[in-house]
Each structure stands twice: as structure tokens, then as C-alpha cells.
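Before any comments, here is the structure.
Chain letters run A, B, ... following the sequence lines, proteins first, then strands; residues in each count from 1.
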Amino acid sequence: MSVRVRFAPSPTGYLHIGAARSALFNWLYAKKTGGKFLLRIEDTDLQRSTDESTRSIIDGLEWLGLSYDEELVFQSANADKHRAAANKLVAEGKAYRDFTPKAERNDATVKQGIADRARAHAAEGVDHRSNPFRDLAGEESDKRAAAGEPFAVRLKIASDGKTHFDDMVYGPQEREYSEIEDLVLLRSDGHPLYNLSVVIDDIEMGITHVIRGQDHLTNTHKQILLYQALGARLPHFAHLPLILAPNKGKLSKRKHGEVVSLTTYRDRGFVPAAFRNFLALLGWSPAEGKEVLSVDELIAEFSLEHIHRSPAVFNFQENDPRHWTDEKALWMNAEYIRTMPVDDLLPMIKAELRANKLWREEYDEDDHDWFVSAVQVIRQRFHTLKDFSAQGRAYFSDDFDFDEAAVNKNLRKEPKLKELLPGLADHLEKLDPFNHDTAEAALRGFAEESGVKAGLLINGSRTMLTGQAVGPSMFEVFAILGQKRSVERLRSGVPWFDAMNAVGDV
RNA sequence: GGCGCAUUGGUGUAGUUGGUUAACACGCUGCCCUCUCAAGGCAGAGAUCACGGGUUCGAGUCCCGUAUGCGCUACCA
């Protein structure tokens with residue numbers, strides 16, 4: 001039987017990186033086994049589900065390159081099937097109507113409420129099979145239902161025995177029935193609940209392997225009971241270790257903000273392949289040590305056996321712009337930016353420049369070769385796509401900012417540069433041809449005849465031409481910017497002439 | 001409260017029939033390269049493998065206990 005896996009997020013917000021990783025692992029498993037990867041939106045919680053969120057999930061998967069097979073399934077569309085299944089279980093005596101009035105719960109205190117109730121039950125000796133309606137006669141139950149009395153439907157779980165399954169990641173698991181309450185399948189308003197819906201939908205969609213977060217590990221036992229009650233064949237289960245915050249707590253948007261949202265990485269200039277690669281390494285590692293892996297390599301290397309069981313910490317420092325997300329993710333992105341095939345990178349840079357009004361159509365036409373060579377040079381030290389429009393701005397526009405510290409360090413510190421730089425411009429202007437080597441010879445010659453170190457002119461030029469203190473080799477910069485712009489910028493004197501006497505504001 | 005899962009340097013991980021100085025990547029430090037910053041090369045710091053017992057000639061690897069963290073326990077998903 002061929003593999004069918006699914007990613008089943010609930011559309012109650014942005015796509016969380018933990019969920020994105022689940023999607024990735026499901027997708028990789030499908031590709032690895034030649035199976036199908038399906039997407040199901042679990043929107044049964046109507047109050048909290050939004051179209052916007054669904055949109056962002058789909059966009060996020062697309063951005064990561066995780067395309068799904070077959071039609072997108074909305075769980076809410078199957079509600080009737082879920083209800084029918086529950087009613088069938090009632091008719092078969094495998095589930096029962098519970099006429100106990102619904103207890104109101106406050107979302108904020110549920111966890112505490114659960115613990116309190118459990119403690120109280122233990123103290124009073126109340127067990128999970130003590131529901132008074134559990135063994136209500138069928139006729140009586142039908143009569144009360146027909147009379148319009150509200151009821152929830154609960155699965156009737158046997159008093160003795162245990163469920164077990166062999167998790168593909170966590171190994172053999174078992175749980176006593178006595179630990180499991182008769183779970184509610186249908187709310188008293190007829191609304192099907194999560195455990196019922198997933199099981200029915202997974203059966204319906206022919207899912208063979210359920211790969212999801214470890215937070216569902218213990219729920220699996222309840223779902224197995226449902227599969228059995230429904231007489232359905234069990235899928236294989238594989239649970240994934242959770243991704244935690246640096247303090248080993250839960251990673252949540254509430255507490256940690258946008259670092260946990262996949263779209264943040266897109267918006268902050270990540271190359272999708274780089275982030276996908278990084279995500280793949282959270283909780284899984286390839287058999288061989290190699291960590292930078294193309295999609296094809298990921299697929300070839302991927303196996304559930306190499307997923308490990310302890311939770312992974314997603315390392316980042318809040319309030320520190322330099323370490324706003326995991327350093328390894330940042331490194332991975334830089335690695336991709338400087339080493340990936342330039343043709344794959346170009347469209348992303350184009351989009352970035354376009355968004356900042358720095359794109360010119362000539363870059364696709366007459367100036368294409370120039371554009372490629374400029375990218376080849378500057379991408380070497382960039383970390384995100386954003387850098388192309390920020391630090392890289394001077395390569396694409398004459399309107400760029402000067403870094404204050406760079407101006408102080410490379411220009412203001414040596415007043416002689418006020419004359420030297422225009423002097424250098426005069427020499428460069430005469431060059432024919434103008435290129436890396438001739439520019440270097442001219443600069444070094446001029447430095448010697450002026451009695452100054454070449455480095456002084458080089459660093460001064462860097463700041464005059466790019467506004468920055470750091471960047472590629474200066475002669476490469478001259479070559480990229482070309483003779484005309486190099487000469488103009490050397491003569492412009494903008495950032496420091498005026499500021500020398502004045503207040504220092506550029 | 002109960003049940004479950006986990007615990008290897010700061011982080012991600014390797015180590016899966018128990019057997020040399022616990023390996024790799026990111027990060028960090030230093031040196032080289034050099035016009036700056038990266039990249040790259042070289043060198044280095046950093047782990048009594050959560051803790052305590054036990055089994056064994058020998059344990060990160062097996063067993064028991066403890067602690068800590070996380071998850072589940074709901075007419076949430």
C-alpha cells in the first residue's frame with residue numbers, strides 16, 4: 001500500500017515554525033517513499049479559525065516548497081460525516097448519550113481545573129467509568145433524546161485492558177484504559193470534537209502514516225480506541241519532538257513574538273531552501289555528517305529512524321537584533337546566499353530590489369551581465385536577502401546613506417583625504433581601460449607619489465563609494481561601479497566636507 | 001493529582017550487539033591571509049554524557065530510584 005501522509009494544521013493564526021517542521025517531515029517522508037502528501041485544514045473550531053490564517057498556511061507551505069497532492073480538505077466540510085459516525089457508534093452501543101448538563105469552563109484556568117478535578121476524583125474514589133448515563137437503556141436514551149433533552153456523545157471505553165501501539169519514533173507505547181476518560185465525540189450542540197474528526201478524516205483520506213508533534217503522543221491511545229470502535233485499520237504513528245524556546249518553555253507567539261512565525265523568515269530575507277534545510281535539522285540528522293543539503297539530498301537522506309526523541313531548543317535572544325533568531329539559521333541562510341547557483345538567487349534579489357524601488361528593467365536585459373557580476377561580488381558577505389537593498393544599496397542607486405561610524409573612521413580621521421580623494425579621482429578618470437587591475441595600479445601609484453599608505457585611500461574610497469566601512473575588495477568595487485560613478489563619488493565629498501565644520505550630522 | 005515522554009559542551013546533533021584520549025556543525029577565542037569586513041586555512045577553550053545507586057572485568061550506552069523540563073489529562077485543537 002502506498003504511503004499517504006498529511007499535514008493538518010488548525011487555522012488559528014500564523015504558521016508556527018514547529019508546525020512548518022511537521023509539514024516538512026511529512027512531505028519528506030512522502031517524497032522519500034513515493035507517496036502522497038495531503039493538506040487538511042482543521043477548522044472545526046469556527047470561532048478561532050480564520051481565512052487569513054488558512055491563506056498564510058498555504059502561502060507558507062508554498063514558500064517552503066512543500067506542495068501538496070490532491071484537493072485541499074477542510075475539516076468543517078466533513079462535520080456531517082463525523083456526526084453520522086458518532087451516531088452509528090451510539091446505535092451500535094459503542095458510544096452513549098451523556099445527558100449531564102454541560103459544565104462551563106474558563107479557557108484561562110482549564111489546566112488548573114483539570115488537575116483539581118482529577119485530584120478530587122481520586123480523593124472521592126470516582127473512576128472514569130462512573131458516568132451514570134454510560135449504561136442507560138437504549139430506549140430510555142432514545143426517548144430522552146427525542147424529547148429534545150440536550151446530550152453529548154461519549155465513547156464507551158472498556159474498564160479493563162490497555163491500548164498499545166509502536167511509535168516509529170518513540171517506540172512501544174501503552175496505556176491502561178483506566179487512565180482514559182470516556183471521551184466526548186459530539187458536543188451537546190452537535191459539534192464534532194477533535195479526536196473524532198481527525199480519526200474519521202484520516203480514515204476517509206486513506207492516511208497510512210500519521211506524523212505529528214509529540215504533544216499528541218498520549219492522545220493517540222484515544223484515537224486508537226476510536227479506530228477500533230469504527231472497525232478501521234490503524235495507521236502507523238510517528239511523533240516528532242517538540243521545539244522549545246531558549247528557556248526550554250513552550251515556544252509561543254504570545255511570549256516570543258514573530259520569531260516563531262514562518263512568514264517572519266520570508267519577510268526578513270531568508271532563502272526558503274536555507275530555512276527548510278535548517279528546519280530539517282531540528283530533531284533530525286542525516287546519517288552522514290553533512291548538514292547543508294539540497295532538497296534532493298534531504299529526500300534521499302531522510303528517515304524516521306534518525307529522528308530523535310528529546311525536544312529541540314530553538315535558540316535566539318530576545319531584544320538582541322543581531323541574534324533575533326537562531327544563529328545557525330542565520331549562518332545557513334548566509335551559506336545559501338553565497339554558495340547557491342546564482343540563477344536561483346537572482347529572482348529573489350530582484351523581488352527584494354523591486355520592493356525597495358531599486359530594480360531597473362535593464363538588469364534583466366542589457367545590464368544583465370553587470371548585474372550578475374555585482375551580485376557575485378556582494379553576496380559573499382551578505383546574510384539575508386534584505387542586505388541587498390540595505391548594505392547593498394550603493395551598488396544599485398546613487399542615493400544611499402553613509403554610515404556615521406564609517407565616515408568617522410575612514411574619512412574624518414585624516415583631513416588630507418579631502419584633497420587626496422579628488423586627486424585619486426583625477427587619476428582614475430584618465431584610465432583606459434578601467435578595470436580591477438588598472439584601478440589598483442593607479443591607486444597604489446598615487447598613494448606612493450602622495451606619500452601615504454594605500455590602505456588610507458582604499459578605506460576612504462570604500463566609504464565614499466559605498467557609504468560603509470566594510471565590503472568587498474575595493475578594486476572589485478571600482479570595477480563594479482565603473483569609472484564614471486567611481487570618479488563622481490570620490491569627488492562628491494558629501495559626507496564629510498560639510499560636516500567637518502558643521503555639527504557632524506550627515 | 002495521575003499518566004506519558006525526555007535529559008550528551010552555550011545551541012543543533014553523532015555516538016542504537018556496553019570496550020581506545022566522547023565526534024561533527026553553529027557560536028566563541030587566537031593566529032594566518034589581507035585594503036576593511038566576511039569567506040577560507042590553522043590552532044584552541046568549552047561535556048566528570050542531569051543526579052544517585054546497581055549489573056559488569058568494563059556503561060553516555062543496560063536496570064532501579066531521584067530531580068528537572070515538557071506533554072496529555074477539556075462538551076480546546
Would you please confirm or rule out a distance under 4.0 Å between OP1 or OP2 of B:rA14 and any side-chain N or O of A:Ser285? yes
Would you say A:His216 reaches B:rG71's phosphate, i.e. side-chain N/O to OP1/OP2 under 4.0 Å? no
Interatomic distance where CG belongs to A:Asp202 and P belongs to B:rA77 [whole Å]: 15 Å
Separation of B:rU7 C1' from A:Gln214 CD (nearest whole Å): 13 Å
Which residues within residues 452-460 of chain A lie with some heavy atom under 4.0 Å of an atom in RNA chain B?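 Result for residues 452-460 of chain A: A:Ile458, A:Asn459, sorted by number.
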Protein heavy-atom contacts under 4.0 Å, written 5' to 3' over nucleotides 20-33 of chain B as B (base), S (sugar-phosphate only) or - (none), form the string -----BSS------
Salt bridge or not between A:Arg444 and A:Glu440? Use side-chain N to carboxylate O under 4.0 Å.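 Salt bridge between A:Arg444 and A:Glu440, a charged N being under 4.0 Å from a carboxylate O: yes.
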salt_bridge(A:Lys290, A:Glu297) N-O dist < 4.0 Å: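 Salt bridge between A:Lys290 and A:Glu297, a charged N being under 4.0 Å from a carboxylate O: yes.
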Taking pairing as Watson-Crick or G-U wobble with both contacts under 3.5 Å, can you name the mate of B:rG1, or confirm there isn't one? B:rU73
N/O to N/O distances under 3.5 Å, protein versus nucleotides 61-69 of chain B:
from, atom 1, to, atom 2, distance (Å)
B:rG69, O2', A:Lys248, O, 3.4

Report the relative orientation of the aromatic rings in A:Phe316 and A:His256; use parallel for angles under 30°, tilted for 30 to 60°, perpendicular for over 60°. perpendicular
Could you check whether the rings of A:Phe275 and A:Tyr265 sit parallel, tilted or perpendicular, using 30° and 60° as the cut-offs? parallel
Does A:Gly283 or A:Glu174 map to a spot on RNA chain B nearer the 5' end, using the closest nucleotide for each?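 By nearest-heavy-atom nucleotide position, the 5'-most residue is A:Glu174.
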Test of understanding: with ring pair (Phe, Tyr, Trp, His ring centres under 6.0 Å), list the residues that count as partners of A:His436, not counting sequence neighbours.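 By the ring pair (Phe, Tyr, Trp, His ring centres under 6.0 Å) rule, A:His436 matches A:Phe475.
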What N/O pairs connect the protein and nucleotides 44-49 of chain B at under 3.5 Å? Give each pair on its own line.
none

With sequence neighbours excluded, tell me which residues meet side chain to side chain contact (heavy atoms under 4.5 Å, CB included) with A:Glu291. A:Leu281, A:Lys328
